[in-house]
J.: 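I have a structure here, written as structure tokens, and I will follow up with some questions on it.
First listed ligand is number 1; within each ligand, the first listed atom is number 1. The basis for the numbers below is simple: all heavy atoms, side chains too, and nothing from hydrogens, waters or symmetry mates.
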Amino acid sequence: MNKHLTFAVGLTAGLLAGLALHERAHAAASDAPQVQLLIEADKPGVVINKNIYGQFAEHLGTGIYEGLWVGPKSKTPNTRGWRNDVVGALKKLQVPLVRWPGGCFADEYHWRDGIGPRAKRPVKVNTNWGGVEESNAVGTHEFFDLIDLLGAEAYVNGNLGSGSVQEMSEWLEYMSSDSKSTLANLRRQNGREQPFKVPYFAVGNEAWGCGGNMTPEHYADLYKNAVSFLKTPEKSKPKFIASGGNDHDTKWTDVLSKSITWNIDAISFHYYTIPTGKWEGKGAATGFGEQEWISTLANTLKLDQMIANNKAVLDRNDPKKKIGFYVDEWGTWYDVEPGSNPGFLFQQNTLRDAVVAALNFNIFHAHADRVQMTNIAQMVNVLQAMILTDGDKMLLTPTYHAYEMYVPFQGATQLPLSIGNNPAYTLGATSVPGLSASAARAKDGKVYLSLVNSNPNQALELNLVVNGDSFSAANGRVLTAATMDARNSFNSPEAIKPQQFKAKAVDGKLTLRVPAKAVVVLALER
Ligand code: AHR
């Protein structure tokens, strides 16, 4: 993984030798491995698109109904049906965009079911997720209201699987037309004068699976047919996303990027982190041992190579880099919480999830030239969620805190970073790099550094050198806890939360001590 984090240079021999001297002097005072970190502040890379911090909300379990939407008549304080507590907390993450309505649900969603008076909307069965009734109370207008409340952008996923091209094209017209067409007027009649902004539109989801069990060749033809009829005024034309592959597959990226030459802005990709690597018996969200800690981290780090492999295919087929690579579903997937509906994918969230999130952020930063959007699965109550709710109670998960700590990286500019003497963290036959790091110059002009210590047993000591700038202190926050599965509960909602982290240079050298199993985000100060 480090070969991608160290995207520009390795440490020079001279610098390493110099650090080694300092290191020897320091070693007597500390038993923590001494790691060298070089940031090249004078060699800025590409911008880390803020959409890397995107979210995903599907009609699945209590992800939307209860978790976000309680309806305007609920006793739970809400704004036009959306929970004030949950929306208020999400706003602090500066959510850049939300993907909706699925997922697998998208390929069974018929948009006309979700417009007009709510009492008259048809009730359907959510066949993908628990076979429960879908009231259609949340439809297009409600979704865009949520987007407005969050100050986010919309990523709408169209139905290619069970819908028609006509239905998809009429949805786009309904949402984005400023004409006096019958569909645009229907939108007005339903309360929205101005067109909605649809900057991102996907044609189907997981076409290799729940979205139709297709070959990439068949999907590519259906995609080309569909986008030929997805017409909008030029100024409101969305970026069109083709639904791509998953896991170790690169064939979908290859076929789609070769055969679709028009109206394709990105190819999506999905990868879920499963502790055991097996769908049957994925592993528990809490109460796991160190073997499942390290296997989870090792499995999540595989995404780095998967992205690299897909980028290599794209670089061959699309050398001008017109096509983005959007990881629009990722995150941990565990055995569901005992006693919960297996179709609802509700799972607890621990310090391990925050470490997983931060490792992925660092991977996405390193690949920011192609990875211009990602969407964690999912925003509330489903899989690796930011927020869990129980009736009108709510808690912020460790994953939420990782997102909040990384906010300065949204729209920041990559800075090359090299790690020297990175100790391996090994357990049995599994080994991962002890440290993952990423640096960037944020929009506020400051240099930010993120650090993840994967080892649950040992702190790390980092000797920091910055080329092209000089710093005498680092201020930020650390997220860690006594146990690997530390979590928040409704009785103890603040058991794990970020704490202040400060360091000052001594004799012109800035040394940072990163605790075991920790995520740290710092601003460097002059
Ligand atoms: O995020 C849950 C499901 O995982 C999505 O609906 C689907 O696209 C994927 O298989």
J.: How are the rings of Phe288 and Trp293 set relative to one another: parallel (under 30°), tilted (30 to 60°) or perpendicular (over 60°)?
T.: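 The rings of Phe288 and Trp293 lie parallel, inter-plane angle below 30°.
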
J.: Heavy atom under 4.0 Å from ligand 1: found in Phe105's side chain, backbone, both, or neither?
T.: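 It is neither; nothing of Phe105 touches ligand 1.
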
J.: Measure the distance from atom 4 (O) of ligand 1 to every protein heavy atom, then report the residue, atom name and distance (to 0.1 Å) of the closest one.
T.: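 Checked against all protein heavy atoms, atom 4 (O) of ligand 1 sits closest to Glu329 OE1, 3.2 Å.
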
J.: In terms of atom number and element, which parts of ligand 1 are under 4.0 angstrom from non-hydrogen atoms of Asn205?
T.: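 Checking each atom against Asn205, I get 8 (O).
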
J.: Using distance alone, determine whether Cys210 and ligand 1 share an N or O pair under 3.5 Å.
T.: no

J.: Please identify which of these residues, Arg80, Arg192, Arg121, meets the salt bridge (charged side-chain N to carboxylate O under 4.0 Å, His left out) condition with Glu142.
T.: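 The passing option is Arg121.
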
J.: Which ligand 1 atoms are under 4.0 Å away from a heavy-atom of Trp333?
T.: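 Those qualifying, in numeric order: 4 (O).
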
J.: I'd like to check the side chain to side chain donor-acceptor pair (under 3.5 Å) partners of Asn190; sequence neighbours left out, ordered by chain and number.
T.: Tyr174

J.: Identify the closest protein heavy atom to atom 3 (C) of ligand 1: which residue and atom is it, and at what distance?
T.: Trp129 CZ2, 3.6 Å

J.: Under 6.0 Å from the ring centre and within 45 degrees of the ring axis: does the NZ or CZ of Arg370 meet both conditions for the six-membered ring of Phe325?
T.: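 Arg370 over Phe325 ring: no.
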
J.: When you look for heavy atoms under 4.0 Å from ligand 1, do you find them on the side chain of Leu383, its backbone, both, or neither?
T.: side chain

J.: Side chain to side chain donor-acceptor pair (under 3.5 Å) with Ser450: which residues, sequence neighbours excluded?
T.: Asn362, Tyr406

J.: Evaluating non-hydrogen atoms only, which member of His59, Arg99, Gln378, His270 is closest to atom 2 (C) of ligand 1?
T.: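 Looking at heavy atoms only, Gln378 sits closest to atom 2 (C) of ligand 1.
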
J.: Identify the protein heavy atom lying closest to atom 1 (O) of ligand 1, giving its residue, its atom name and the separation to 0.1 Å.
T.: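 Protein heavy atom with the smallest distance to atom 1 (O) of ligand 1: Tyr272 OH, 2.8 Å.
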
J.: So which heavy atom in the protein is nearest atom 10 (O) of ligand 1, and how far is it from that ligand atom?
T.: Glu206 OE1, 2.8 Å

J.: Asp254 and Arg316: side-chain contact (heavy atoms from CB on, under 4.5 Å), yes or no, with the steps?
T.: CA-CA 9 Å; Asp254 189 35; Arg316 213 170 48 233; 3.8 Å; yes

J.: Measure across Gln384 and Thr332 and return the closest heavy-atom pair with its distance rounded to 0.1 Å.
T.: OE1-N, 2.9 Å

